[in-house]
Each structure stands twice: as structure tokens, then as C-alpha cells.
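This report concerns only the one structure given below.
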Amino acid sequence: MEKNRIKILAFGQLTDHVASSGFEMDFVQDTDTLKERLYENYPGLKNLHFSIAVDKKIVNSNTHLAAGCEIALLPPFSGG
Amino acid sequence: MEKNRIKILAFGQLTDHVASSGFEMDFVQDTDTLKERLYENYPGLKNLHFSIAVDKKIVNSNTHLAAGCEIALLPPFSGG
Amino acid sequence: MPQRVLKFSKTMPDSSIFVHGAISADDIANAIQRLSEFQNIGAHSIFIGQVRSDAIEDQIVSAIDYAAYKEMAEQKALELISETVQTYQLNTAMVQHSLGMVKSGEICLFVLTASRHRKSSLEACAYLVERIKKELPVWGKEILEKGGHIWKKNTE
Amino acid sequence: MPQRVLKFSKTMPDSSIFVHGAISADDIANAIQRLSEFQNIGAHSIFIGQVRSDAIEDQIVSAIDYAAYKEMAEQKALELISETVQTYQLNTAMVQHSLGMVKSGEICLFVLTASRHRKSSLEACAYLVERIKKELPVWGKEILEKGGHIWKKNTE
């Protein structure tokens, strides 16, 4: 993956809209910008509820993204 | 067993003082009288806590005894 | 459409709650296996009582010898099971208790509650265990390693 | 006097909580069997999650296909297990969750908590199940008998 790109993992219901193996996007500075881009590229995500995890921690407010960080989109959990 | 006798079952700690297979006594009218007789015949029972069951129901106040009823002396339960 | 919601006997009037000696892990596996037929069950909660090798006044407990007022206990157990099934809207509940000798590390009590959802099965299991400990006429005689015995007390 | 209170590893950092496909009743029996070595355990509480053949809008669920954000889930599970062990002063706790296809009637979740006394094991089990359902990044895809799928929702 090129340095100016970021890899995004997606799970659950979101995989009806994006590849379940994950996908790449141009690098963005923070999670708020990430959400905007996601909604532009995948309008189907707008009606879905999901959290964003950065390096396996769920972030609840706008968070700065470092190069090479691991981003995951997590709809409500439904294990068990 | 003769008609003027009653059979009494005993369990748990009480079997350190009376036969575990149960024992017989002269018939008594009610459970208060039964207790008195028990304490006379088996003084060791005085210091032990136990309930009396008549026909498999625990009785909490003085209860009339019918001929042929089943009496059991039950120390605190300790199953499980 | 085939009948999917199978009927499960809510009590087990034919079978005794008592087993001779320890309850085996295989007995428990069999009980769990049986429930897989019932595809409307979503949650089972199980409680297992195991004999501890407690130290009592410097003496080690090597086993517990259980005795029961059997007819009264069977009657009471059925009452407790059916009350729990009704209160918590369970699919089923099972109780097994040992009689006779059970060594330290062996299982003496098995309680299972099964329902559609986790909350009712979890709450029902705790409720049923509590009532069994308090209301079943069963007594445990703690056998000491060096000889002698002490009568078990349910304290908690 | 021999050492009676054996040490039990409080978490299982070497082993994954995930198993491929359904959890078998035998796996559960083995876990229970293992605990008999630990004679300071007096109570195990177990929760078993079983796939229900729910009817959703007139369609029958025949299986659930589970997926997880695996590394995050393993990390979170260890965190939840060790927090539960500490809070409830347990001897040990175990969690197993299925990945991939689990058919109706099969087992997808196994949670065990073991302690000296019943109260802590029962409360810890309910607590750990609740946190697993809410906090483990795992998703269930309900596979419909006549084709298609619906994403499982944990509602209770």
C-alpha cells in the first residue's frame, strides 16, 4: 500500500456495501474527514450505524490519524 | 408397628444421637408434646436446631398428629 | 411448514433428581446434547457444585457423604422446578443431586435452565440454585482425611 | 501437608477464544473435567448460547455465520476475563465463541466461571456474558432457510 493511502476494514452489515476483505482510500487527517469521504464514496453507509476503531480502540470523538494506522468500521456487535 | 406407637425419621446431625434408620415412640397428640418426649428420651437433641415435618410438610406451629402419620426431624439443610 | 417449536416436558416426573455417587462430566454433556434438538432454545445456564477439599480446624475434607429425605426432596424439587419454569418462562429446567459418597473435586450438584433468551436463563439458574440449597431436605457429612466427620453447613 | 490449593492460570494468553464452527458438548465436558483437578473450586457457572431457528418475517433461520474483528476481539476478551476474575475473586474463567457457520440447535458461545462459592460464580457468569455480548467485536449473519440473510441484532 502506498504511503498516501489508508486501509480500512469493515464488518457485519457494512460488508453488504463494501468489500468484506477491506478497502483502500486516500489518506485523511482525522476520523471526521474519514466519515465524510466514506459517505461520498459509499452513500449506502449513510443509513447505517457504525463506530470507528483506530488501532483496535473505538474512538468516540474526532481523532487524528497517523500513517500506517489500522482503521475498522464496526456496526453494533451481535456475537453470542 | 402397633397402633399406639409412632415412627420417627431422623436426618443429618441428629443421626449422631438417634438411629439413622429412624425410631419408634409412644403415640403423642401433637408436635409440642412430641418435642418434650424427644428431649426427655434423647437429651442430646436439646442443643440441636431442627424442624419437624409431618407427612413431608414442615410444620411451624403446634400440630395435631393423626395415627399413621409420617414424622421426620430435619436439621438445617446442607445440600449442594 | 413443519412444526419447529417442539414440546419439551417441563418437569421430569418419571425420573429422580438423585444419582448415586458423583455426577460425571459425561452426564452433563449428555444433558446439553439433548437440548440441541430444541431449536427454540437460545440459552442454557448451568450451575455445577463441586466438593471442595476445605480445611476445617486443620483437618482436610476428603469427601462428602450425602443423605436425603428422599420422597420429600423429590416432591420439593419438582415443585421448585415447575415454579422456576413458570416464573422465568423457561423451555425446561433440570436438577441432579448426588447421594452417598462424593470425593473432593467431584461433582455433587447439576442445575440447568434453558430458555429463548439469556437473561431469563441466567436469572432462573441463580434462583433455582438458591432455593435448592435452602429448601431441599439433603444433608452433607464432611468426611475428614484423618478420620471422623463434621456436618456440612450451608453458610453463604 | 501437601500443597492443596493449586494455581490455575487466570487467563489463557496462549489460546484463542475462537473455535471454527459449532462448539461440541464434548468440548464443554472436557472443560468441566479439567476443573476437577482444582479442589478449591466449589462452584462453576456455565452459560451456553445456542442458535435458535427464529422465524423472521415468515422466514426460518437455519444457521448463523459468525465473523469477528479477530485481534481486537481476542484482546478485548482477555481484558474482560481478567477483569471478571479480579472483580469476583474467581479461580478461573473461560470463554469460547464460534466463527463461521453454526446451524440451528448448535452451540456458538460457552462461558464458564469457577470460584469457591456459588454466589460469586453465578454473578460473574451473568456479568461476563453481558459484557461479551455488548463489547466483543463479533457479528452474526442469520442465514435464511429459503436463501438470503439478515444481520443478527442483540436486542435484550
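Lettering of chains follows the sequences in order, A, B, ..., and the numbering in each one begins at 1. Reckoned from all heavy atoms, side chains included, excluding hydrogens, waters and symmetry mates.
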For the [atom1] atom of [X] and the [atom2] atom of [Y], what is their distance to the nearest 0.5 Å?
X	Y	atom1	atom2	result
D:R52	D:K152	CZ	NZ	8.0 Å
D:S98	D:I17	OG	CD1	10.5 Å
D:I48	D:I23	CD1	CD1	8.5 Å

So for [X], is it side chain, backbone, both, or neither that comes closer than 4.5 Å to the heavy atoms of chain A?
X	result
D:Y66	side chain
D:E135	backbone
D:A73	neither
D:I132	neither
D:W151	side chain

Does D:F47 reach the side chain of D:T113, with side-chain heavy atoms less than 4.5 Å apart?
no
With a 4.5 angstrom heavy-atom cut-off, which part of A:T15 approaches chain D: side chain, backbone, both or neither?
side chain
Under 4.5 Å heavy-atom distance to chain D, tell me which part of A:L9 shows up: side chain, backbone, both or neither.
side chain
Any chance the side chains of A:T31 and A:N62 put a donor and an acceptor closer than 3.5 Å?
yes
For each of D:G49, D:A67, D:P137, tally heavy-atom pairs with chain A at distances under 4.5 Å, and name the one with the top tally.
D:P137
Over all atoms of both residues, closest heavy-atom pair of A:A10 and A:V18:
CB-CG2, 3.4 Å
